[in-house]
Amino acid sequence: MKEVKCECGHINPVGTALCEACGRVVGEEAESSKLLDMRYEASPRRSQHYNKTFIDKIWSFFSSVKVGVWLIVITLVASALGTIFPQEMYIPPNIPAADYYKDEYGSLGKLYYQLGFHNLYSSWWYLILIASIGISLVICSLDRVIPLYKALKNQRTAPREGFLKRQRLFGITETNRDIDFEGIRTKLRSKRYSVKEENGSILAEKNRFSRWGPYVNHIGLIIFLFGGLLRFVPGMYVDEVVWVREGETIEVPGTSGQYYVKNEKFIRQLYDKQKDDQVFNDALKKNPTVIKNFQTNAVLYEKKGNTLPGEQPELKKVESHSIQVNKPMKYEDFAFYQTDYKLDEMHEMKFKLIDKKTQESFGKLTVDLYDPKKKYDLGKGYSVELLNYFPDFEFDENSEPITKSRIPNNPAFVFNMITPDKPKGEASFVAIQQTIEPTGNNKYKLAFDGIETQNVSGLTIRKDMTLWFLAIGGAIFMIGVIQGAYWNHRRIWLQKKNGQVWIAAHTNKNWFGFKREISSVLEGTSLTEPADQLNEKS
Amino acid sequence: MVQLSSNLLYIAFILYLIATFFFAGSIKIRKDKEEKKTNRWSFIGIVITLIGFASQVGYFITRWIAGGHAPVSNLFEFTTFFGMMLVAAFIIIYFIYKTSVLGVFTLPVALLVIAYASMFPRDITPLIPALQSDWLHIHVTTAAAGEAILAISFAAGLIYLIKFVDQTKSSKRTFWLEATLFGLIATLGFILVSTSFSLSDYESKFNWVDKRGQEAEAVYHMPALIGPHQYETLTDGSFQPLAEVPALINAMKLNTFIWSVLAGIILYLLIRLIFRKRVAALLQPLVRKIDLNLVDEIGYRSVLIGFPIFTLGALIFAMIWAQMAWTRFWGWDPKEVWALVTFLFYAAFLHLRLSKGWHGEKSAWLAVIGFVIIMFNLVAVNLIIAGLHSYA
């Protein structure tokens, strides 16, 4: 490729189709073609004329729309692949992912897991795809918007013949009379064209701003993607889950001990055939349990002053709110969402100490399953020691008792019962519906005496400082897309040449509407409408 | 109120059907060069369409009043609304370009969509907490409107291809065009088969073993060609399955799918036998007079109008609501991903068109693929892929 020399002597960069100095059509390709490529006003782009260094090569690569489209298509296919089976975040958390995919979806599921598609959207190659799209957006836009801006800014009011002839809409009217452009000018103005005149030649133009639409929306996308990147900056993003029992006040994770949240009451309501609108009856007959609402009446406290570890912090109430789905509690940069709940979770277990034979009771004790005491004194020399506690008990492969979690789903205890006649105490293993005695001949027994349950609310705590970037990026994107899609850049050139009137016209899209507009502008004049040269060709 | 609402929908359906014939009639007459009569036929067509649309809006409003929330909360309601938006989009494009052929292709698609919708439970369902928000109607309606306008480009693409593709010899083009039309015919097959079996109250029960080795019961509403894993027939004298599938595959959905395809094949073969031509060749006279450049522009224009609305509704409003209801604006839920796929697809469409000069035929094929993606998101993502959006 080499530079393009014009008749006027000006040397233009590679890819030029219109001489920068005089506006003649230059370059073999443009001269031989019937229509001019008007996408970037026939001006050259950086990617076309620099191609030497490594940076130039990268620039050329990413400036290509072809590459951009391929990136889009590959991302599209990859995204679709990720929906064949659920992503890891949507599978039950208590099953290892490797097993889950194999058990649920067979050998295809296993392959899916092995290829890493269970975390596709956070895989390195997916992120590289997104990043490449980002780079492509920046380079493609810069490569095109600068020459386009220059070309439109410096456009001629009276372009040369070669330019006019090579427009899609073009026509010549032979006329002997002197045509007055004044009527046409008024009509053009009434259709919101801005009309420029130079030596009897007219350029009418409107909605040039629509040409910037694509670049504006690309800027929006870049800001959006940049916002997405910011999430990885420390302090910008918090995503935590906390389980709060009714009546409990708990430190809010992710706030470094700054805030505490209290669950005053948890409410869950179902739709009721009797009470709710009759119109739902048919649906409720088929599916009787539909949740109507779940909410936590929450109070948010802020810690005052510094406290030592273990010291009770002094709390100040700062906010209270009924947190419902769709109605999070917001305070400062944090938002508290209602995301989950557990009804009737055991929290206290009651026992009474009895004599196995006589069934005589020597006192009662209540074990807080979240905060059990070491020793329960029943008075008169009777007491119970808690030697070991398994909140979520099961036997492991060696038949040893273990606990699966810290949640009291299936509590079990090893108690030592101290009584006046057995001062060393008798040991007893107590679980739900079973008691195991190491010696097998205990005199006393801890009899089950009821449980207390309460509701637990699952709250999600979020702080997302990147939302502003995303909102601004999204808004700019929408403005750009609308600007580019809902307006058309239209231009009409009128020139008088030795008893002829030349009309050429160009729009970036919506040619039918444009033709209609031109014919209404020319209505009542003796000028013929310009012909569509694309139709002649086909 | 509920009764009134469903009657209005029924009226709308019938009117769209009648309007289709008027639009088709307007083309037939054009052959005889009776310009004035042509206009009268398409004028009647558009008037009937407008009345039908008003009736469907009536359905929408009365159902909203009856249920207390915008009727876009389950598959029946959403799909019906999508059909309504399709008609609205057609009306708008009709008034811009005055092409009655577009009605001949858009209205049947809308009819198929509405009929398909009514195959799902039509009860008014109460809203689960996540759906109790004003964003329900804001997000869903804009997303559906965007998709519907994009779907107009499919109708335009179809018209383009039916006229453009050479039907005198068989080629890859004729094959894929027939495949596209077969897709529409198979949808009709699904509607006919499920309507006839549900009218005859067909039911047969099976015991089967699911993938965890648990016993389960399956109730089929169509004769079981495909039986579930290790099935055992419970209903006496019912049709015996021809084959059995492993527990990993949902036998009932596969069975429905096979029935629809079978019905589609029968319908398709019948058409071929009676007319002895490809379906596309059969439709060709309808589009004989149409200007290819104009259809191409209608297709492009509807993508240009639909793309921003789709982006706003299906991505931006969706993100705002997701941030409120699900704590995060984006969570790679299948429906979200497929909205992104749709967005990327039409972005690629626009880039190919603007920069690579993919006009005319290429653009028409892309419009067809785009519609397939939209339908996949509407149908398959709800019925096959489980996710947060599977409300129905």
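Note on naming: letters A, B, ... go to the chains in the order of the sequence lines (proteins, then strands), and numbering restarts at 1 for each one.
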When the 4.5 angstrom heavy-atom criterion is applied to Ile316(B) and chain A, the contacting part is side chain
Cut-off 4.5 Å, heavy atoms of chain A, and the answer for Met319(B) is side chain
So, the part of Leu312(B) with a heavy atom under 4.5 Å from chain A: the answer is both
Contact list (residues 63-72 of chain A to chain B, heavy-atom gap under 4.5 Å, by number) returns Val65(A), Lys66(A), Val69(A), Ile72(A)
So CG of Asp296(B) and CZ of Phe512(A): to nearest 0.5 Å the spacing works out to 9.0 Å
Counting heavy-atom pairs under 4.5 Å with chain A, the top scorer among Val2(B), Val337(B), Ile96(B), Leu292(B) is Val337(B)
Comparing Thr342(B), Leu340(B), Leu352(B) against chain A, the one with the most heavy-atom pairs below 4.5 Å turns out to be Leu352(B)
Under 4.5 Å to a heavy atom of chain A? For Val341(B) that would be both
According to the interplanar angle, ranging from 0 to 90°, do the rings of Phe307(B) and Phe477(A) count as parallel (below 30°), tilted (30 to 60°) or perpendicular (above 60°)? perpendicular
For Lys286(A) and Pro121(B) the tightest heavy-atom approach is NZ-CB, 4.4 Å
Rounded to the nearest 0.5 angstrom, the CG-CZ distance for Leu467(A) and Phe329(B) is 6.5 Å
*Keeping the roles fixed (side chain from Gln132(B), backbone from Lys292(A)), state whether a donor-acceptor pair exists under 3.5 Å.*
yes
dist Phe336(A):CZ -> Thr327(B):OG1 (nearest 0.5 Å) comes out at 13.0 Å
Bottom line for Thr460(A): the part with an atom under 4.5 Å from chain B's heavy atoms is side chain
- prompt: Val279(A) and Ile124(B): side-chain contact (heavy atoms from CB on, under 4.5 Å), yes or no, with the steps?
  reply: CA-CA 7 Å; Val279(A) 86; Ile124(B) 297 184; 3.7 Å; yes
Thr125(B) versus Phe280(A): any side-chain heavy-atom pair under 4.5 Å? no
Most contact-rich option vs chain B, by heavy-atom pairs under 4.5 angstrom, among Gly513(A), Ala335(A), Ser79(A), is Ser79(A)
- Query: Near Phe469(A) CZ, under 6.0 Å, is it more than 12 heavy atoms from other residues, nucleotides or ligands?
  - Reply: no
Open item on the list: In the structure I gave you, are the side-chain heavy atoms of Pro126(B) and Asp276(A) within less than 4.5 Å of one another anywhere?
Closed with: no
From the list Lys509(A), Gln295(A), Gln324(A), Lys327(A), the residue making the most non-hydrogen contacts under 4.5 Å with chain B is Lys509(A)
If one checks every heavy atom of Ile133(A) against chain B at 4.5 Å, the contacting part turns out to be neither
The complete set of side chain to side chain donor-acceptor pair (under 3.5 Å) pairs with one or both residues in residues 299-312 of chain B, sequence neighbours excluded, reads Tyr97(B)-Arg301(B)
Residues of residues 103-112 of chain A with a heavy atom under 4.5 Å from any heavy atom of chain B, in residue-number order, are Asp103(A), Glu104(A), Tyr105(A), Gly106(A)
Applying a strict 4.5 Å limit to non-hydrogen atoms, the region of Asp277(A) in contact with chain B is side chain
Taken in chain and number order and not counting sequence neighbours, the residues that satisfy side-chain hydrogen bond (donor to acceptor under 3.5 Å, both in side chains) with Gln87(A) are none
When the 4.5 angstrom heavy-atom criterion is applied to Tyr486(A) and chain B, the contacting part is side chain
Looking only at Gly331(B), Gly67(B), Gly68(B), the option with the highest number of non-hydrogen pairs under 4.5 Å against chain A is Gly331(B)
Value for CG (Leu294(B)) from CH2 (Trp511(A)), rounded to nearest 0.5 Å, stands at 15.0 Å
When rounded to the nearest 0.5 Å, the distance separating CG of Leu470(A) from CD1 of Ile320(B) is 11.0 Å
Interatomic distance, CG@Leu127(B) vs CG@Asn293(A), rounded to 0.5 Å, equals 12.5 Å
From the list Thr339(A), Val325(A), Asn326(A), the residue making the most non-hydrogen contacts under 4.5 Å with chain B is Asn326(A)
Query raised in the report: Does Tyr337(A) reach the main-chain N or O of Gln323(B) with its side chain, forming a donor-acceptor pair under 3.5 Å?
Result: yes
Nearest heavy-atom approach of Ala348(B) to Val73(A) is CB-CG2, 4.5 Å
Applying a strict 4.5 Å limit to non-hydrogen atoms, the region of Val290(A) in contact with chain B is side chain
Practice prompt. For residues Trp332(B) and Tyr126(A), establish whether the separation of their ring centroids is below 6.0 Å.
Written response: yes
